[in-house]
Each structure stands twice: as C-alpha cells, then as structure tokens.
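Source: prediction; values computed, not measured.
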Amino acid sequence: MDEEVLRGSCPACEAGIGGMHADDCDVAECLATGRKRLWCRALADSAGHDCGQADWTGRWPGHRECREFGWHIQWDQEASRWVPCSPDVEGSGPNLTRLYEQARWDTDRRRWVRRRGVLFARAVRGGRATVEELAKVAARWCDEQGIEVVASRVGPRGWRETVADVEDGAAELVVVPSVERLGFGKQVFERIAAVRRLGGDVAGPGLHVDEAGRVVETTTAGT
C-alpha cells in the first residue's frame with residue numbers, strides 16, 4: 001500500500017496538523033463515536049453528548065481505514081449506482097457508509113477497527129464435510145459484514161474455547177450459521193447469556209438476537 005501523503009491543513013476549517021478543528025467544522029469527527037461531529041448534534045439519540053475536541057491529523061477521518069479494509073466504491077455508469085471495488089481503482093473513493101455500519105470505533109486508538117469473530121457450530125451429523133460447509137456459510141456472512149474471522153470451533157470443547165476467545169479479548173462476536181448450530185432448547189439462551197456477560201455478542205446468517213437476549217429471527221441457513 002502506498003504511504004498516505006498528509007494534508008497540511010483541514011480542508012474545511014483550515015486547522016493545521018495538531019490544531020483543533022473549528023466548532024462548526026464539518027470534517028471533524030466525534031471522539032466518542034468516530035462519526036462526523038455535526039451528525040451527532042443533529043441526531044436525537046446523540047445530540048448533547050460530549051464529542052470531545054478533535055484535532056486535524058493530516059488525514060481525512062475514516063479514509064485510511066477504508067483503504068486498509070479494502071472498502072472502496074466507484075460509480076457504475078451503466079447501472080447508475082455505486083459498486084464495491086478495490087482501493088487501487090482509479091477514481092474510487094472510501095465507502096464510509098460501510099465503515100460506519102460494520103466497523104467498530106476504538107476510542108483509545110482513535111480509529112476504526114474491524115470487528116473480530118470466532119466461528120462456532122454445534123456438532124452435527126454428516127462429519128467433517130458438514131462442519132466444513134457450515135463454516136463456509138458463516139465465513140461468507142462474516143465477509144459480507146466486514147468481520148475478521150480469528151478462529152473456527154466445533155462441539156463442546158470448541159464452545160469452551162469460543163468462550164475463552166471472547167473472555168481473552170481475541171474476539172468480540174460469536175458467529176454461528178444458524179440457531180440450530182448454536183445449541184438446542186434452553187442451551188441456546190444460556191450460551192447467548194454467557195457470551196454477553198463477557199461483553200461479547202452472538203450473531204450469524206441464521207440468528208438474530210435482540211437486546212434482551214431473545215432470538216427474534218431465525219432461518220434454516222446451513223441446516
């Protein structure tokens with residue numbers, strides 16, 4: 001990757017590198033959310049919170065991460081829409097919408113990071129071939145969601161290792177191909193609760209969980 005050339009001043013408020021953005025600058029990011037500071041003030045759920053005093057670093061906020069993650073888009077003239085592409089495509093630009101929706105803002109590092117997930121599937125009939133197919137289903141979903149896969153686990157021992165991955169901070173998300181592959185009966189909710197107690201969460205192409213830990217949507221993906 002080519003080294004990024006720093007810009008000496010903010011294109012909006014002209015703050016120099018290391019200098020604080022003007023209060024009404026529409027480039028300045030919120031240090032709490034990573035999004036544009038002016039957006040926070042306009043949205044009901046974040047209006048009034050402390051955005052901090054961001055300084056100009058010489059880089060457009062979010063552009064470096066989009067390039068690192070390969071999240072660029074270009075305009076398709078024939079289709080009349082924006083389409084994903086490589087950052088090396090001439091005329092392409094950062095897909096900030098995807099960045100804001102799929103990445104996680106790291107307040108300590110003041111940058112966006114990809115969410116990290118560990119794949120898990122309860123032991124199933126069909127042997128290794130079935131397990132591998134389930135892993136592919138979950139991995140494809142992770143790729144679509146911008147999640148970095150750090151490990152793949154199977155069965156009771158695999159579940160213990162999965163929990164350890166979340167507890168150690170190696171992953172923040174447990175990804176399963178469907179609710180059936182997370183567990184059975186009460187075990188599903190116990191496992192969701194165990195992960196959430198450690199600060200992680202459970203998701204996947206066939207599993208959606210609400211804030212209360214209830215499975216509110218399931219599919220037959222990977223079954």
Flag the pair R122 / F184 as yes when at least one side-chain heavy-atom distance between them is below 4.5 Å, and no otherwise. yes
Check whether any side-chain heavy atom of H72 sits under 4.5 Å from a side-chain heavy atom of P94, and report yes or no. yes
Walk me through it: do T107 and L31 pass the test side chain to side chain contact (heavy atoms under 4.5 Å, CB included)? CA-CA 7 Å; T107 56; L31 298 183; over 6 Å; no
R116/E148 salt bridge by N-O under 4.0 Å criterion: no
Hey, what's the ring geometry for H63 with W60, parallel, tilted or perpendicular (30° and 60° as the breaks)? parallel
Presence of salt bridge, K136 and D143, under 4.0 angstrom: no
Closest non-hydrogen atom pair between T33 and H49, with its separation: CG2-CE1, 3.6 Å
Do V176 and F189 belong to the same hydrophobic cluster, where Ile, Leu, Val, Met, Phe, Trp and Tyr are linked whenever their side-chain heavy atoms lie under 4.5 Å apart, directly or via other members? yes
Side chain to side chain, E172 and D201, heavy atoms closer than 4.5 Å: no
Short question: side chain of E101, backbone of R98 - any donor-acceptor pair under 3.5 Å? no
Which value, rounded to the nearest 0.5 Å, describes the distance between L38 atom CG and C25 atom SG? 7.5 Å
CD/Q74 to SG/C85 distance, rounded to the nearest 0.5 angstrom? 4.5 Å
Should the pair E161-R157 be classified as a salt bridge under the 4.0 Å nitrogen-to-oxygen rule? yes
NZ/NE/NH1/NH2 to OD/OE distance under 4.0 Å, R153 and D165: yes
Same apolar cluster (I L V M F W Y, side chains within < 4.5 Å links), V163/V150: yes
Can you find a heavy atom in the side chain of L96 that is under 4.5 Å from one in the side chain of L99? yes
Roughly how far, to the nearest 0.5 Å, is CZ of F69 from CG of N95? 12.5 Å
Mind checking whether Y100 and W112 have ring centres under 6.0 Å apart? yes
Straight-line distance of R37 CZ to C30 SG, nearest 0.5 Å: 9.0 Å
Roughly how far, to the nearest 0.5 Å, is CZ of R67 from CZ of R59? 12.5 Å
Any ion pair linking E68 and R111 (charged N to carboxylate O, less than 4.0 Å)? yes
Test item: D168 side-chain N/O and A170 main-chain N/O as donor-acceptor pair under 3.5 Å: no
When you group the ILVMFWY residues by side-chain heavy-atom contacts below 4.5 Å and let the links chain together, are V118 and V188 in the same group? yes
Measure across A103 and W71 and return the closest heavy-atom pair with its distance rounded to 0.1 Å. CB-CZ3, 4.1 Å
For a 4.5 angstrom cut-off between non-hydrogen side-chain atoms, does P61 reach V27? yes
Taken to the nearest 0.5 Å, the spacing of M20 CE from Q53 CD works out to 6.5 Å
Are L119 and C142 close enough that some pair of their side-chain heavy atoms sits under 4.5 Å apart? yes
Indicate the atoms forming the closest heavy-atom contact of R35 with W39, along with that distance. NH1-CZ3, 4.1 Å
Do V83 and I73 have side-chain heavy atoms sitting under 4.5 Å apart? no
Provide the closest heavy-atom pair for P87 versus S92 in the form atom of the first, atom of the second, distance. O-OG, 3.6 Å
Side chain to side chain contact (heavy atoms under 4.5 Å, CB included) between W56 and R7, intermediate numbers included: CA-CA 9 Å; W56 174 246; R7 183 177 179 130; 3.8 Å; yes
Mark yes or no for whether Q102, through its side chain, and E144, through its backbone, hold a donor-acceptor pair below 3.5 Å. yes
Can you name the closest pair of heavy atoms from L173 and A203 and give their distance? CD1-CB, 4.1 Å
Whether the side chain of R114 engages the backbone of I147 through a donor-acceptor N/O pair (distance < 3.5 Å, no angle test) should be reported. yes
Decide yes or no on side chain to side chain contact (heavy atoms under 4.5 Å, CB included) for V175 and F120, but give the supporting numbers first. CA-CA 6 Å; V175 179; F120 173 76; over 6 Å; no
Shortest non-hydrogen pair, E29 vs W105, comes out as CG-CH2, 4.5 Å
hydrophobic_cluster_shared for W75 and V89, side chain cutoff 4.5 Å: no
Compare all side-chain heavy atoms of L182 with those of I192 and state whether any distance is below 4.5 angstrom. yes
